[in-house]
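Not measured: the values here are computed from a predicted model. Below, all heavy atoms of this structure are taken into account, side chains as well, without hydrogens, waters or symmetry copies. Note that the numbering runs from 1 along the sequence shown for the chain.
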Amino acid sequence: MLYPIMSESRTVTDFSGIWDFKLGNENYESGISFKDSDSIAVPASYNDQKDTPEYRNHYGWVYYHRTFYVSEKFTNDRIVLRFDAVTHSAKIILNGKEIASHKGGFLPFEVEITDIIDFDCEQDLIVAVDNKINHSTLPVGNENTTPFFGSDNPGIPSVELGKAYKKKCNAPNFDFFNFAGINRPVRLCTTPREYIKDIAVTSSVNDNSAKIKFKIELSSENNNDKNVKITILDEDKNEVAFSNGASAIITIENPNLWNPYPERPYLYTAKVEYENDIYYEPFGIRTVEVKDTQFLINGKPFYFKGAGKHEDSPFSGRGLNLCLDVKDINLMHIIGANSFRTSHYPYAEEMYRLCDREGIVVIDETPAVGIGGGENPYKTFNIHNHHKDVITDLISRDKNHPCVVMWSLGNEPETQRYPNDAYDYWHELYNLAHSLDPQNRPVTFVCCQNDYTKDIVTRTMDVVCINRYYGWYNLSGDLNAACYAFNIELDFWQEQNKPVLLTEYGADAVAGIHRNVAQMFSEEYQWEYYEKINEVLDKRNFVIGEHPWNFADFDTIDGCMRVGGNKKGLFTRERNPKSAVRYFKNRWNSIPNFYYKK
């Protein structure tokens with residue numbers, strides 16, 4: 001799916017602004033009146049825009065409303081409403097008629113309205129949004145139980161009686177707040193009736209030349225693809241290569257490669273022309289490969305330095321926040337980070353485009369978090385087909401971003417209690433991802449702390465990605481015992497002859513809590529924790545990177561293990577540094593991107 005851009009043939013109208021808004025209930029209602037509506041900002045989560053329990057803890061449907069006009073000058077164009085992310089399910093009602101529905105809260109969908117609008121008349125748009133999560137959604141929500149990090153103390157008579165007074169609520173099986181609503185922009189886009197539908201770009205490098213392969217999808221299979229023109233522009237907008245046809249291989253001599261920061265992340269632009277349509281697609285020339293226990297970018301062994309992240313900020317929740325994105329990337333540059341994982345869902349495409357420009361390497365993850373629980377999720381959850389759809393849409397959207405070097409199918413699923421069922425489930429998705437990606441990037445998923453000897457899935461991924469909290473959730477507070485245990489596990493992974501990336505490890509630190517003797521929740525303990533664990537990592541040549549959890553503190557649901565959210569951030573939620581930032585700044589700026597472990 002192409003990102004919406006302005007060009008000689010295309011227009012984009014951004015519907016960001018103040019919309020009418022109403023809270024609904026558990027069930028969808030048609031014919032909602034907005035006579036006494038609230039005001040709401042779009043794009044942004046609705047939860048914290050009004051300081052009431054009804055907004056913060058809403059369960060079920062909400063309704064957005066606005067009007068717009070389409071000029072008669074677009075009569076001969078194709079007209080599309082594009083929704084970048086509506087979390088988690090949506091119904092689109094235009095002029096009183098439902099015209100589309102969509103499931104999945106972190107990827108875009110489009111609705112063509114060319115033939116169902118009247119020009120130069122007021123158009124009435126309602127977006128109905130359902131935030132409910134359950135065993136058929138990604139991420140997964142528990143049903144008829146308590147939320148993650150909650151407790152009902154079963155067996156206590158008074159507690160059992162008190163359950164009758166509990167309000168119905170979402171019970172996420174994941175440790176981040178269920179921010180919902182129109183989280184990313186809504187746009188009105190126009191293209192010519194005959195248009196460029198999609199572009200796939202792959203590259204290979206040999207000696208001093210690169211071959212760039214293009215596959216252009218047109219709006220109709222009957223279109224004459226010989227009318228397609230592809231012009232390659234360098235960063236100064238100079239033409240460096242040219243070809244005709246919807247399938248083309250173009251050679252660039254002495255190419256500038258896309259490299260991670262602080263090297264130059266060079267971007268070319270493909271100007272694609274078909275009939276009256278013109279589209280500009282930025283791309284980078286770079287290669288990605290797993291070889292033995294190394295992860296190679298442009299043929300060189302790369303070391304991942306960075307942190308897991310969340311789309312999370314005060315007031316706007318999970319809503320698009322470009323200022324915060326720029327801030328975060330600049331902080332990454334300062335502390336010597338070169339990468340992050342889109343934990344635990346696809347981010348807004350604006351972030352990927354920024355990472356393309358700034359040279360930040362991205363592991364792109366689906367929202368498949370929370371696949372586990374008391375019963376066998378591979379038998380009781382109704383998510384497999386939806387999971388396939390999400391992977392398909394994710395790769396369709398992000399396939400051309402040079403910053404994306406690996407696909408993550410999900411985070412911390414159940415793999416040890418039902419190993420054969422888990423293998424069947426995840427390897428069908430593994431094969432699907434490889435078949436869909438024109439660049440055939442490595443594929444992984446992220447394993448939780450488990451009995452790794454019984455887990456037969458993690459070791460068969462292209463890269464072993466593990467979340468480990470020795471010294472925090474396990475062997476809490478005893479870093480010597482934690483390091484001893486972690487070394488035992490790493491002996492196991494060394495035998496697998498796969499590259500291993502530590503995708504999560506960390507300790508909560510409440511900013512401002514200091515102890516002369518390092519204790520849990522103090523900034524000193526967080527610093528010492530990383531110092532000790534990283535000494536273990538540095539001795540292992542097959543460990544290809546470290547991603548502390550988390551880049552910044554983030555919001556979660558209420559729970560007896562969370563105080564105002566998850567405090568494992570290197571930065572506070574407001575992006576103020578904790579003491580560990582100084583440690584990583586010194587460490588990462590002294591570790592090169594390439595050839596760290598020879």
Side-chain angles (χ1 to χ4, degrees), residues 1-8 10 12 196 198-206 208-216 229-243 248-273 278-289 296-300 302 306 322 325-326 328-330 332-333 337-340 342 346-364 395-406 437-441 593-594:
M1 179 180 290
L2 294 176
Y3 182 77
I5 67 164
M6 299 278 285
S7 75
E8 295 94 323
R10 296 175 173 232
V12 178
I196 300 158
D198 199 13
I199 300 169
V201 185
T202 60
S203 61
S204 61
V205 181
N206 185 21
N208 295 321
S209 67
K211 291 189 181 299
I212 317 302
K213 183 178 180 180
F214 289 90
K215 184 176 181 181
I216 313 300
K229 300 178 182 179
I230 304 171
T231 306
I232 307 301
L233 307 174
D234 64 17
E235 289 190 339
D236 296 320
K237 306 302 180 186
N238 297 314
E239 181 180 326
V240 296
F242 175 84
S243 183
I249 298 177
I250 300 176
T251 299
I252 298 179
E253 300 295 339
N254 300 310
N256 294 297
L257 300 185
W258 188 94
N259 273 299
Y261 181 87
E263 295 185 50
R264 189 175 183 187
Y266 197 93
L267 290 176
Y268 292 90
T269 299
K271 179 182 180 182
V272 181
E273 301 173 76
I278 300 176
Y279 190 87
Y280 296 88
E281 177 74 349
F283 70 95
I285 299 173
R286 63 102 184 90
T287 61
V288 174
E289 178 188 7
L296 306 179
I297 297 179
N298 295 328
K300 301 179 293 185
F302 179 73
L322 294 177
D325 288 348
V326 171
D328 284 354
I329 297 301
N330 285 328
M332 289 181 200
H333 289 334
N338 60 21
S339 57
F340 68 86
T342 68
Y347 288 3
E349 191 167 357
E350 286 79 2
M351 184 55 147
Y352 299 77
R353 292 169 74 88
L354 179 61
C355 290
D356 288 343
R357 292 179 54 174
E358 296 291 333
I360 296 295
V361 168
V362 174
I363 300 170
D364 205 357
I395 294 175
S396 174
R397 188 194 72 165
D398 295 342
K399 61 184 177 295
N400 292 337
H401 289 290
C403 68
V404 175
V405 300
M406 184 158 52
D437 181 15
Q439 296 186 17
N440 197 29
R441 296 168 178 85
N593 284 345
F594 298 105

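- When all heavy atoms are compared, the tightest approach of Val12 to Met6 is N-SD, 3.0 Å.
- Taking each heavy atom of Pro438 and Ala200 in turn, the nearest pair found is CG-CB, 4.1 Å.
- Checked against side chain to side chain contact (heavy atoms under 4.5 Å, CB included), Asn238 has the following partners two or more places apart in sequence or in another chain: Asp234, Asp236.
- Using a 4.5 Å heavy-atom threshold, the side chains of His333 and Ile360 count as touching.
- Within the model, atoms NZ of Lys300 and OG1 of Thr287 stand 9.5 Å from one another, a figure rounded to the nearest 0.5 Å.
- Here the shortest heavy-atom pairing between Ile5 and Arg10 reads O-CB, 3.6 Å.
- With rounding to the nearest 0.5 Å, the separation of SG in Cys355 from CG in Asp325 is 8.0 Å.
- In this structure, CD1 in Ile232 is found 4.0 Å from CD1 in Ile250, a value given to the nearest 0.5 Å.
- Two residues are said to be in side-chain contact when any heavy atoms from C-beta on lie closer than 4.5 Å; Thr269 and Lys237 meet this criterion.
- Atoms OG and CH2, on Ser203 and Trp258 in that order, are 11.5 Å from each other to the nearest 0.5 Å.
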Task: Stepwise side chain to side chain donor-acceptor pair (under 3.5 Å) test for Glu281 and Asn400 - done: CA-CA 9 Å; Glu281 177 74 349; Asn400 292 337; 2.9 Å; yes

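- Using a 30° and 60° split on the angle between ring planes, Phe214 and Phe283 fall in the perpendicular class, above 60°.
- Put simply, the side chain of Phe242 reaches to within 4.5 Å of the side chain of Lys229, judged on heavy atoms.
- Here Arg264 pairs with Glu235 under the salt bridge (Lys or Arg N to Asp or Glu O under 4.0 Å) rule; sequence neighbours left out.
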Open item on the list: Assess the residue pair Met406 and Val361 against the criterion (side chain to side chain contact (heavy atoms under 4.5 Å, CB included)); give the C-alpha distance rounded to whole Å, side-chain angles, the decisive distance to 0.1 Å, and a yes or no.
Closed with: CA-CA 9 Å; Met406 184 158 52; Val361 168; over 6 Å; no

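- In this structure the side chain of Asn593 reaches within 4.5 angstrom of the side chain of Phe302, judged on heavy atoms.
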Open item on the list: Before you tell me yes or no, could you show the steps for Asn259 and Phe594 under side chain to side chain contact (heavy atoms under 4.5 Å, CB included), namely the whole-Å CA-CA distance, both residues' side-chain angles and the distance that decides it to 0.1 Å?
Closed with: CA-CA 11 Å; Asn259 273 299; Phe594 298 105; 4.1 Å; yes

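- Salt bridge present: Lys399 and Asp198 bring a charged side-chain N and a carboxylate O closer than 4.0 Å.
- Between Val362 and Thr342, the shortest heavy-atom contact is CG1-CG2, 3.7 Å.
- Counting only heavy atoms from C-beta outward, the side chains of His401 and Met351 never approach each other to under 4.5 Å.
- Annotation for Ile252 and Ile212: closest pair CD1-CG1, 4.1 Å, computed over non-hydrogen atoms.
- With values rounded to the nearest 0.5 angstrom, Arg441 atom CZ is found 12.5 Å from Ile363 atom CD1.
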- [ ] Could you go through the side chain to side chain contact (heavy atoms under 4.5 Å, CB included) check for Asn330 and Val326 one step at a time?
- [x] CA-CA 6 Å; Asn330 285 328; Val326 171; 3.6 Å; yes

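- In this structure, the side chains of Glu8 and Tyr280 come closer than 4.5 Å at one or more pairs of heavy atoms.
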- [ ] Let me see the working for Asn256 and Tyr268 under side chain to side chain contact (heavy atoms under 4.5 Å, CB included), right down to the final yes or no.
- [x] CA-CA 9 Å; Asn256 294 297; Tyr268 292 90; 3.7 Å; yes

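- Val404 and Tyr352 make their closest contact through CG2-CD2, 3.7 Å (heavy atoms, listed as atom of the first residue, atom of the second, distance).
- In this structure a side-chain-to-backbone donor-acceptor pair under 3.5 Å is missing from Tyr279 to Ser7.
- In this structure, the side chains of Arg286 and Leu257 stay at 4.5 Å or more apart for every pair of heavy atoms.
- In this structure, CZ on Arg357 lies 8.5 Å from CG on Leu267, to the nearest 0.5 angstrom.
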